[in-house]
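In listed order, ligands and their atoms are each counted from 1. All values reported here derive from a predicted model rather than from experimental measurement.
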Amino acid sequence: MARRRPLSMVAAGAVAVAVTVATAAGASSGPASGGHHPHAQEKPTRVVIIVVDSLSREIVDKYRMKSVQKLMHTGVDTPRGYLGHTGSITVVTHNVITSGQLPKHMGWTDDGYRDVDGILGDPEPANPDQLYITSDATTDLFKLQQAAGYPKLADYLALADPAAKTFTISPKGYAAYAFGGVGSDSLITFGSGPECTTGGSWRKPTGINVPSYILGAPCSRFWVHSGYPAYAYDTTKLPAVLYPLDSDRYTTGKDPAHLGGDVWAADAAVEVMRNDPSWNGIFVTLPGVDKAAHMWGGVTDPGPTGTDGDAMTHLANATAVADQQVAKIMAELKAQGVLDDTLVVLTSDHGSVAGKHFYGKQVATRDYGYYNWYYGDAENDATTYDKPQDALLPLVATGNIGLSYSDSMLRVWLKDQSPAKVDEAAAVMRTLPAVTAVWRRHGSHYDRVSPVRWDRMTSSGERSWFADKAQELVDTEAAAYGPDLIATLPDDTTYSVAGDHGGIQRAAQQIPIVFAGAGLSGRDLYAEVRSVDIMPTILKAMGITPYHSMDGIAYALPTAGHH
Ligand SMILES: [Zn+2]
């Protein structure tokens, strides 16, 4: 694919500087040969970002993910690292990581989006009444990225080496489009299927410039089994049925010739390395931990129960599979002799909050969780979300919800944004179950418009985290396209499915951020590194000079040869 970012977005002089610096840094190293250790001043020319979806530090520890822990020991770990923004959700963080922008500056802040500038609206001009669900979007996310006007990591990598290619691999479509952006040469995800009816129905690789060695012939390796309930395994019952499996897209499945989920994503990354050796960026998402955590409650997953229980769909297996895929990707980099020339970033897009206190509706109907997540109407979603959980009914009764999104935090985009009507909705939100505080958007920050319910927090750790971080975290989504009102919730509380994300809780925010490869030392960074800091830190490590401002901080990573 041609690099489609319009050159007009880029100041010509700044490009020249960026290219010059990058070339000077990259020319002497190139693809390192096996066993070669670069001198300390040589900078990596490649980057691999592995996002293990929903991986909190708590999950790494509890399930003893050895390969992840090894990377933390041998590379540069950030023990005090945290996500650093809300909404702490997939479709937001995948773009934060590769833009260096906070949600308030990157074009969307959450799963809901108000089209205040008429970017998605048809016809223009702006229609602030038009609300969208960003996780229903694919190329529309490109429009939002481009309208916000910042380069993505793939754009910088293209400038640094115009002959090299970047690949984005994510079984979850919206994660792929957010992660890669329009500048990613190849974007590999799954179609909705079913297709290819030989031996059942299948989901096939789709996306943008999907390489022929991934697409393959109908029903070949990267096509996975699809169909509900045939490929739902033990997830057709509560609580998993709220968001069940429907194929081997997010789990491995049982067919060794067509393994899905994390194995699919890691195998695709390995195929890219073997078939396109000139790559300089691979962004890969492993979706299995997220799916298991949503279905079964994260760290409270009891494991398989009943005669139909299937260990495969549960968190113990999902973490083991993800861990093996991290090892597989590292082993391939090593085998090809490019690990010293490759900066590896292992991180997550949010953690997982266990719904011990659950305010969703428990209905044993496939995908009923969407009615817990959403209330209202979105322009790009055919469903009217009109089956709210009881907990939300007082807010529904105002008649003023345009769209709401509820997981481990409540966000609402109002129909009538007049001050009196916002006040009215805020007053109602204070009364909803478990709410710890209500926050009202005021320009580029949120005002807290209720007392803090410290009594609803169960530990001093939770209270001090709230005191330190709640304001900072909600402020990161203060944009005109963001929610009018936010209600924070305490630990172990969801309104949606058994395990969820979205909020300010430590379980949602305390994620691994690890830098490895590239001749880095085993010394850790004790700064409070956030997701938004990953991109500027990558650019600094690679010697690429940014030509657009970023919200994140560029940290210097300690290298083994540097004392
Ligand atoms: Zn996610």
What angle sits at the Zn ion (ligand 1) between OD2 of D349 and OD1 of D53, to 10°?
-> 100°
If the plane angle is over 60° it's perpendicular, under 30° parallel, otherwise tilted; pick one for H294 and H350.
-> tilted
Which residues pass the side chain to side chain contact (heavy atoms under 4.5 Å, CB included) test with P287, sequence neighbours left out?
-> P171, Y250, D262
Salt bridge or not for K152 and D155, using N-O below 4.0 Å?
-> no
Using 2.8 Å as a strict upper limit, say whether an N, O or S atom of H350 approaches the Zn ion (ligand 1) that closely.
-> yes
Quick check: does T90 have an N/O/S atom under 2.8 Å of the Zn ion (ligand 1)?
-> yes
Which residues satisfy the salt bridge (charged side-chain N to carboxylate O under 4.0 Å, His left out) test with D468, sequence neighbours excluded?
-> none
